[in-house]
2 protein chains.
Amino acid sequence: MRLSQGVEWALHCCVSLTQAAEPVPAARLAELHGVPTAYLAKQLQALSRAGVIHSIPGQMGGYVLTQPPSAITALQIVVAIEGDVPVFQCTEIRQNGPLGVDPAKCSKRCAIARAMATAEHAWREALAEISIADLVAGIDADSSNTAIDGLRRWLATG
Amino acid sequence: MRLSQGVEWALHCCVSLTQAAEPVPAARLAELHGVPTAYLAKQLQALSRAGVIHSIPGQMGGYVLTQPPSAITALQIVVAIEGDVPVFQCTEIRQNGPLGVDPAKCSKRCAIARAMATAEHAWREALAEISIADLVAGIDADSSNTAIDGLRRWLATG
DNA sequence: CCAATGCGGATATAAAATATCCGAGTTCAA
DNA sequence: TTGAACTCGGATATTTTATATCCGCATTGG
């Protein structure tokens with residue numbers, strides 16, 4: 001079980017977009033992060049479909065955040081890239097075998113699925129507590145402001 | 001991102017083993033749950049390597065729990081099947097591109113990796129709070145004791 | 001000694017993640 | 001108005017992972 005690395009790219013891209021005054025093309029974000037352009041474009045499309053970022057076509061086009069950094073959560077980004085499917089997917093094996101439970105009596109999820117869903121909920125709640133603004137602040141603190149400042153300058157120099 | 005279905009099988013098997021007085025062969029667990037024997041055997045081997053269950057070879061052999069149900073957690077089982085790798089694996093893309101951070105200055109994890117690890121920790125803590133005994137109790141409550149009783153009887157009739 | 005069982009490796013198949021390309025639409029400048 | 005350059009978007013290969021199976025070996029109990 002592993003989160004697609006597209007999630008990592010998407011998080012970094014959203015952090016970078018907070019420092020851009022104008023739309024940033026996918027190719028430029030790919031160059032900045034040293035990742036393949038075409039594949040990153042796919043992740044950005046997913047973010048766009050999920051409404052996290054907005055795409056602007058045309059010569060001066062690119063991507064911009066749709067909301068202020070404090071309003072975008074890590075959960076939104078994870079769901080945008082990975083989809084909204086549960087991590088633990090119950091296949092109802094309680095209905096199988098010689099002691100299989102009658103499907104008509106399975107309107108309620110089984111105890112195992114409920115327990116796993118509870119744990120997953122804790123993960124999602126923690127992700128929802130993380131905003132892009134928090135991540136920017138964390139990077140800022142790590143680098144004594146040089147990283148974020150450098151980022152803003154690099155994005156400004158077309 | 002999805003948890004292998006081996007986790008579901010392993011959880012059900014551990015619940016079933018709580019009701020067995022003698023070692024239960026892999027083939028019998030597979031029959032009980034209506035899943036392919038050969039593949040379930042692989043998951044049971046993983047549980048055995050992790051020390052969650054104990055394997056007894058020979059004619060009267062099979063699997064038994066190594067600890068009381070209240071001492072076995074869902075986290076142990078997830079780790080046994082999926083491995084102990086983190087869900088979010090940071091590939092250090094902050095070191096890439098024109099603004100790449102000097103690798104020598106990356107002894108500390110980046111802010112994004114830290115935030116994701118925090119959320120993952122919440123998930124693991126929640127899983128560690130779930131014991132096999134809890135799951136048995138939950139199933140018992142769902143079925144007015146018929147499911148667990150039936151299970152014990154079926155396992156007793158060799 | 002024989003039958004039944006778990007263990008490990010080797011192997012095939014199915015699904016998903018990864019990586020890439022080309023077409024449709026939009027914007028800007030001449 | 002026209003065209004050209006640039007953008008995103010979806011459809012398409014390739015690689016990796018998960019799923020599923022099988023067979024030989026060691027061990028145990030009858």
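Proteins come first, then strands; the chains are lettered A, B, ... in the order of their sequence lines, and each starts at number 1.
Between A:V64 and A:I56 there is a side-chain heavy-atom pair separated by less than 4.5 Å. Two residues are said to be in side-chain contact when any heavy atoms from C-beta on lie closer than 4.5 Å; B:E8 and A:T91 meet this criterion. Considering only heavy atoms from C-beta on, B:L151 stays 4.5 Å or farther from B:I139 through its side chain. A:C14 places none of its side-chain heavy atoms less than 4.5 Å from the side chain of A:W9. Between B:R152 and B:D149 the shortest side-chain heavy-atom distance falls below 4.5 Å. Looking only at side-chain heavy atoms (C-beta outward), A:L44 and A:Y39 stay at 4.5 Å or farther from each other. You'll find the side chain of A:S4 stays beyond 4.5 Å of the side chain of B:M1, heavy atoms only.
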Between N or O atoms, less than 3.5 Å apart, protein on one side and nucleotides 23-30 of chain C on the other: list the pairs.
from   : atom 1 : to    : atom 2 : distance (Å)
C:dC28 : O4'    : A:Q59 : OE1    : 3.3

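Put simply, A:Q5 has a side-chain N or O that comes within less than 4.0 Å of OP1 or OP2 on C:dA19.
The side chain to side chain donor-acceptor pair (under 3.5 Å) search around B:S16 returns B:H33, not counting sequence neighbours. B:R153 pairs by the side chain to side chain donor-acceptor pair (under 3.5 Å) definition with nothing, not counting sequence neighbours. Applying the salt bridge (Lys or Arg N to Asp or Glu O under 4.0 Å) test to A:E125 and every residue at least two apart in sequence or in another chain returns nothing.
Atom-to-atom, CE of B:M1 to P of C:dT18 comes out at 12 Å; the value is rounded to the nearest Å. C:dA17 atom P lies 9 Å from atom CZ of B:R2, rounded to whole Å. As a whole-Å value, the separation of B:I53 CD1 from C:dT5 C1' is 14 Å. The distance from atom CH2 of A:W9 to atom C1' of C:dA17 is 11 Å, rounded to the nearest whole Å. In this structure, B:L29 atom CG and C:dG6 atom C1' are separated by 13 Å, rounded to whole Å.
Heavy-atom contacts of chain B under 4.0 Å fall on DNA chain D between two terminal nucleotides, which in 5' to 3' order are D:dT19 to D:dG30.
If you find the closest nucleotide of DNA chain C to A:P36 and to B:G62, the one lying nearer the 5' end belongs to B:G62.
Of all the heavy atoms in A:A80 and A:L47, the pair that sits closest is CB-CD2, 3.9 Å. When all heavy atoms of A:A126 and B:A122 are compared, the pair lying nearest together is CB-CB, 4.1 Å.
Identified under the salt bridge (charged side-chain N to carboxylate O under 4.0 Å, His left out) test for residues 110-122 of chain A, with sequence neighbours left out: A:R114-B:D142, A:E120-A:R124. Under the side chain to side chain donor-acceptor pair (under 3.5 Å) criterion, no residue pair touches residues 58-80 of chain A, with sequence neighbours excluded. Note on residues 91-118 of chain A: no pairs pass ring-ring contact (aromatic ring centres under 6.0 Å, His included), not counting sequence neighbours.
Within residues 37-52 of chain B, the residues approaching DNA chain D are B:A38, B:Y39, B:K42, by heavy-atom distance under 4.0 Å. For the contact set between residues 86-98 of chain B and DNA chain D, defined by any heavy atom under 4.0 Å, there are no members.
Taking the screw axis at each terminus of the helix from C:dC1-D:dG30 to C:dA30-D:dT1 from five consecutive base pairs, the angle between the two is 10° to within rounding of 10 degrees.
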Donor-acceptor pairs under 3.5 angstrom involving side-chain atoms of residues 98-108 of chain B: please list them, not counting sequence neighbours.
from   : atom 1 : to     : atom 2 : distance (Å)
B:D102 : OD1    : B:A104 : N      : 3.0

